[in-house]
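Below is one structure, written out as structure tokens; comments come after it.
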Protein chains: 2
Amino acid sequence: VSVDLGSRSYRVAIGRGSLAAAGAAIAQAAKPTRALIVSVPGVDRRYGAALMRSLKQAGIPTSRVCVPDRDRSKSVSRLAELWQACVRAGLDRRSVIVALGGGMVGDLAGFAAATFLRGISFVQVPTTLLAMVDASVGGKVAINLPEGKNLVGSFYQPRLVWIDTDTLRSLPRRERAAGMAEIVKAGAIWDAQLFAHLEEKIEAALDLEPEALLPAIEAAIRMKAEVVSLDERETGLRMLLNFGHTLAHAVEALAGFRGILHGEAVAMGMVYAARRSEQLGCAPAGSATRIEQLLARAGLPTELPPHPRRAYLEALSVDKKRMASVVQFIVLEAIGRASVRALPIGEVFPAPRKTRHVEVVG
Amino acid sequence: VSVDLGSRSYRVAIGRGSLAAAGAAIAQAAKPTRALIVSVPGVDRRYGAALMRSLKQAGIPTSRVCVPDRDRSKSVSRLAELWQACVRAGLDRRSVIVALGGGMVGDLAGFAAATFLRGISFVQVPTTLLAMVDASVGGKVAINLPEGKNLVGSFYQPRLVWIDTDTLRSLPRRERAAGMAEIVKAGAIWDAQLFAHLEEKIEAALDLEPEALLPAIEAAIRMKAEVVSLDERETGLRMLLNFGHTLAHAVEALAGFRGILHGEAVAMGMVYAARRSEQLGCAPAGSATRIEQLLARAGLPTELPPHPRRAYLEALSVDKKRMASVVQFIVLEAIGRASVRALPIGEVFPAPRKTRHVEVVG
């Protein structure tokens, strides 16, 4: 899949068992003087040596560095350590940082690449399903502050995204499902054919059967690449990608960002948003149920946790993407189509209706 | 002066006593929801309240924050504090950070603006001569690491640069002279007319006489704006701006970045580079002496400190802009014209010549 952004266009290459070929592809895409692989211990142990060998065989002097495998690693202090690791590794303006791992690694390493020496080359080798279909396309890199997630970052495009689906074998089932939620989203908002493909083969895809999984990954990436190409800096169309995310952010915040995976929160949020779309008269009846059933087959949760309405309203009102007390809510129009609708927070999460006695006169 | 960078074009407005009008101009240029003024205590005490009043009168809720007035403030820890101050000030994606001060404040606040919420609006109100003519145009923002200066940063353009030359009244004479070195540079590499203007009126300009100073500032900014417009990301033409800087960086490094102002190091470096240009047969004889005399009239040093040649060679070889052991040395071709020349470090700083006995045969 190619992501078309003028002079910053790049390629997302999807393959099986392709890790050993990464070095040659990186050499071609970035022509780097040196490389620094950034990873987490578990992933580095499995794939770090192979990737490093591949880079060295392509003639690129390479070193490796690990950060602890938790979202808290997206911190100012880990970032500062990573910048210093860049100096120690001897990176210059023509060097490349290679992120080997999931979304956290991509975000942290990508932001380091965006800012070290005012920006050096960046390559992603995602090893989680979520990172493959979501974090690897879009150019959003960031770290967290104590005050909130992703508060500091850049829009920064990689030179190449190199996906080897064999790296998913070591990914726990629960994380595969969480990644699948974003693929379901791609189908729901953009690609009815992808949605139908999943309705047929979602179990096989979760079992990593290539003929079920690869087309799904490719279609999800193609969707995001199209949307991002049309709207790089998230001013319009790209907001559609937030389908399910308004409530997902609230769910994550109310859980204290613990015990729930992002994809799981998105699954709950999508079912909620689809139901709300039906209630608002945007989506045909039954759409929400189709989404719900598909997500349930993947083992994903589909009901919002039972926090009080007030808690949801408060969580929504501190949403980073808010403008005043109106949120840009993504409504489903049909399976495969969505749009943005400005909704007061109270309308996103309306009070339970009282029975109304209406008399029609005339 | 307008800096022409397509959709990121902006205006540099130069005036006298114009600080009170800054708020309205910022409101027009950035249409911000809120503003955060970043400054240092000395500058904030003099001009902070007036700028804040001006912003509030323009309807922009504004807060202020100070960092200590030293180059060490361009650190990761000050940056982290500034990011947190952005959160506390309630900045959102449509807010603006206003840098009120010299180059350090502009670099730190600019990098915070480039990265907070993946980039918010940025306005510069420079209060040193150096920041007015140099840091305010070019879009380079950065912080230091323990391992070196400006190792982390971005290319990020302000929405507006608002210059009130009255703020220079409180600037010590020595710092005025250091800023003047960059104006002399602008004349030397790009604008023979500016150079002639300075030869006529440099003392009056240093005394802040408007008819001497304002045209000089404007011409220096226009030079940099032209060069940056033609080469935003420092790949070619923009290297000319490094005239005098190869040696200046070495001088600063050898002084441990203490006791010498950047403009003073640049003054020494320019005289050296001009002499070397004459020796290399690039510049007509006498060019270096014109530069030297002009800088001396400003009270600037013109001779390199007497470190051993080996020390200079070592300092040059760790120059951040090096590629291998060849540096891109800026040679003068005439007053008002310069070019880039790849020179081995040994040729930048050649060994003292032995007397050569050459016999021409033929």
Side-chain angles (χ1 to χ4, degrees), chain A residues 6-8 33 75-95 107 110-120 138-156 232-235 238-239 318-324 328, chain B residues 6-8 33 75-95 107 110-120 138-156 232-235 238-239 318-324 328:
Chain A
S7 66
R8 284 164 300 113
T33 52
S75 66
V76 174
S77 52
R78 293 295 172 199
L79 175 67
E81 287 169 19
L82 189 48
W83 281 332
Q84 296 191 268
C86 292
V87 177
R88 278 198 310 277
L91 302 193
D92 63 25
R93 290 177 175 198
R94 295 167 175 215
S95 299
D107 269 11
F111 188 51
T115 51
F116 186 66
L117 302 181
R118 296 197 181 89
I120 65 175
K140 288 167 75 172
V141 293
I143 60 166
N144 305 328
L145 295 182
E147 290 82 359
K149 296 182 74 169
N150 297 325
L151 289 181
V152 165
S154 294
F155 289 92
Y156 200 68
E232 190 183 348
R233 294 188 77 87
E234 202 168 37
T235 50
R238 191 161 166 173
M239 297 180 84
V318 295
D319 188 291
K320 187 154 63 78
K321 276 134 190 161
R322 91 196 128 95
M323 320 213 171
Q328 303 296 315
Chain B
S7 67
R8 284 164 300 112
T33 52
S75 66
V76 174
S77 52
R78 294 293 173 202
L79 175 67
E81 287 169 17
L82 190 49
W83 280 332
Q84 296 191 267
C86 292
V87 178
R88 278 198 310 277
L91 302 193
D92 64 25
R93 290 177 176 198
R94 296 168 173 213
S95 298
D107 269 12
F111 187 52
T115 52
F116 186 67
L117 302 180
R118 297 197 180 88
I120 65 174
K140 288 166 74 173
V141 294
I143 60 165
N144 305 327
L145 295 182
E147 289 81 0
K149 296 182 73 167
N150 296 325
L151 289 181
V152 165
S154 294
F155 288 92
Y156 200 68
E232 189 183 347
R233 293 188 77 88
E234 202 169 37
T235 50
R238 190 161 167 172
M239 297 181 82
V318 296
D319 188 291
K320 187 157 61 82
K321 276 133 190 161
R322 90 196 129 94
M323 318 215 173
Q328 303 296 316

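Model, not experiment: these values are computed from the prediction. Lettering of chains follows the sequences in order, A, B, ..., and the numbering in each one begins at 1.
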If one checks every heavy atom of B/A112 against chain A at 4.5 Å, the contacting part turns out to be neither
When rounded to the nearest 0.5 angstrom, what is the spacing between CG in A/L151 and CH2 in B/W83? 10.5 Å
Evaluate the side-chain proximity of A/R118 to B/N150: yes if any heavy-atom separation is below 4.5 Å, no if none is. yes
